[in-house]
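Just so it is clear: chains get the letters A, B, ... in the order the sequence lines come, proteins before strands, and each one is counted from 1. What you see below is based on every heavy atom in this structure, not just the backbone, and it leaves out hydrogens, waters and symmetry mates.
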Amino acid sequence: MVQKSGQETKATGGQEGKTYGYQEPPGTEHAGTSTAGSRGSAGMGRTTSSAATASKDGHESVSSQGTDGPGDSEAFAKSTAGLRESYRLDVTREALRKQRPQETVKLPVGPAIRSGHTRDSNTAPVRAVREFAPAFGKAGRSRAPTKEVVAVRIPDSARPETAPALVQAGVKLDAYWASYKTPLERAQERARIARKAPLLEVILGRDDRVRVTNTQDYPYRCICSLLITAQNGSMYVGTGWLVGPRLVLTAGHCVYMADEGGWASQIEVIPGRDGTERPFGSVVATDLRSVTGWTVDGNRDFDYGAILLPEGRRYGDELGWFGYAVRMDDYFQGIDLNLAGYPGDGGPTANDGTMWQDHRRVKEVNERQITYEIDTYGGQSGSPVWEMIANGDRMGLAIHTWGTSTSNGATRITSDVFDNIVTWVGEAP
Amino acid sequence: MNGVISGRVVDETGALVSGAIVAITSGPGPVSDIASLTDAEGRFRRGGLAPGSYTLAVHKAGHAPHIVNVDLAAGQSPNVEIRLGD
């Protein structure tokens with residue numbers, strides 16, 4: 001689906017529940033011509049990006065250039081016909097559901113009810129909250145009330161420790177190992193954990209990361225290295241990605257760190273960074289957004305946030321931005337996911353501040369998160385997890401946030417997340 | 001109850017190392033994929049951690065990656081000194 005800048009399209013067919021068009025900047029060259037370094041000139045053509053090509057299952061080849069011919073599009077359309085039909089049925093069901101009276105949430109006396117997706121910011125922390133009925137949105141999920149529906153607003157003065165409870169230590173393996181690995185492999189994994197082997201936990205098996213050297217090409221120039229200064233002065237590195245002219249999407253824990261004083265005091269945003277090279281300069285931002293599910297509850301399901309760039313630094317106009325979309329569960333099973341960002345180890349070649357990419361199929365999909373075995377490392381929090389679809393669009397589907405020894409994971413762009421991104425983009429037009 | 005691991009990174013001579021990356025490479029459960037950066041005095045800090053054993057990896061250009069294991073007990077905030085090259 002080709003969409004132009006700023007158009008929100010409620011899908012009437014196809015796999016996506018909601019999509020927001022990606023934007024290549026003016027002057028992008030296409031169809032096999034080099035775009036290295038091209039930016040800021042006229043025109044708004046689009047189709048194939050020069051920086052990478054998509055395989056039929058959606059992963060990107062970092063260094064190759066080329067076009068997506070009509071044959072790919074036809075094959076893609078054919079292969080997804082079933083999903084399209086499923087989606088149409090889901091839309092019909094959703095419409096019927098909306099016609100029925102919504103289940104009413106019983107409000108407690110006193111504190112108001114809020115959603116984990118209630119927007120929060122460092123400039124105007126949430127005080128008022130909204131009521132809503134239990135519904136998940138348009139992605140075909142269960143209509144059962146979710147936990148945050150009945151959560152109660154906690155006064156700021158009584159905010160709890162917000163980091164989520166983690167699994168206790170011990171040689172316990174993810175259930176994945178029970179289903180898909182041999183007893184020998186399970187024993188080896190337990191032994192590795194017991195030895196506390198310095199195997200990088202988020203590099204799963206062989207390190208498959210590939211260095212992105214064409215960081216000045218779309219979409220990589222839309223991926224930003226983040227230098228984060230926490231409220232207490234501690235410093236961190238992370239990753240973000242442009243989803244609008246002045247909006248960078250990232251992990252909630254990159255903008256709000258409960259144990260470090262709350263909202264970050266500032267974040268330097270460096271798009272397309274390549275080691276010491278900053279081809280598009282950088283900007284320091286202080287206007288931050290997240291949701292109360294993260295800032296108040298510290299719930300990993302709501303670990304997403306955004307950075308509003310200063311008015312004078314409209315990086316999106318210059319560099320373009322990613323689209324983003326809500327996808328149904330089944331859709332994830334058939335695609336490769338791409339992930340690129342700025343690992344703190346500098347990748348396998350240990351080059352500081354360089355961008356690295358990997359791609360792989362999804363491992364698990366649940367209501368608010370996806371897990372995968374894409375190799376990542378500390379510093380890649382906030383990275384885009386995207387698919388490249390047949391016509392060259394890039395659609396962000398999740399925000400990378402965490403890792404374990406057996407899988408890594410991301411906050412999925414659900415309908416609620418999507419709506420908040422749209423709102424934040426609107427705050428930074 | 002969550003805890004904090006903080007510390008300082010120095011080189012072989014004991015000089016403070018700023019701009020080093022300190023990442024958690026294994027822990028008792030999922031950990032945020034963010035990494036700490038040492039300040040001008042070589043200090044780093046990582047909060048929001050559940051009790052358990054963690055492996056930290058320190059990266060700094062010109063030095064081999066350095067691995068250190070840290071046990072974080074409930075309610076504790078260990079402060080570690082990491083000497084690159086050891």
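Residue A:Glu260 comes nearest to B:Arg46 through the heavy atom pair OE2-C, 4.0 Å, listed as atom of the first residue, atom of the second, then distance. Across all their heavy atoms, B:His59 and A:Gly344 have their closest contact at CB-O, 3.9 Å.
In terms of non-hydrogen atom pairs under 4.5 Å with chain B, the most contact-rich of A:Gly379, A:Ser234, A:Gly382 is A:Gly379.
Note: B:Ile24 CD1 to A:Tyr377 OH = 10.5 Å, rounded to the nearest 0.5 Å. In this structure, OG in B:Ser36 is found 4.5 Å from OH in A:Tyr236, a value given to the nearest 0.5 Å. We find the CE-CD1 distance between A:Met257 and B:Ile34 to be 3.5 Å, quoted to the nearest 0.5 Å.
Using a 4.5 Å cut-off between heavy atoms, B:Arg43 does not touch chain A at all. Heavy atoms of A:Leu226 lying under 4.5 Å from chain B are absent altogether. In this structure, no portion of A:Asn351 lies under 4.5 Å from any heavy atom of chain B.
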Using the side-chain contact (heavy atoms from CB on, under 4.5 Å) rule, take A:Val237 and B:Ile21 through it: C-alpha gap first, then chi angles, then the decisive distance, then the call. CA-CA 8 Å; A:Val237 293; B:Ile21 297 286; 3.7 Å; yes
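Within a 6.0 Å radius of CD in A:Glu277, no more than 12 heavy atoms belonging to other residues, nucleotides or ligands are found.
For the pair A:Asp259 (side chain) and B:Gly47 (backbone), a donor-acceptor distance under 3.5 Å is absent. Put simply, the side chain of B:Asp33 gets close to the backbone of A:Gly378: a donor and an acceptor are under 3.5 Å apart.
For the ring pair (Phe, Tyr, Trp, His ring centres under 6.0 Å) test, residues two or more places apart in sequence or in another chain that qualify with A:Trp241 are A:Phe322. Partners of A:Thr276 under the side chain to side chain contact (heavy atoms under 4.5 Å, CB included) rule, at least two apart in sequence or in another chain, do not exist in this structure.
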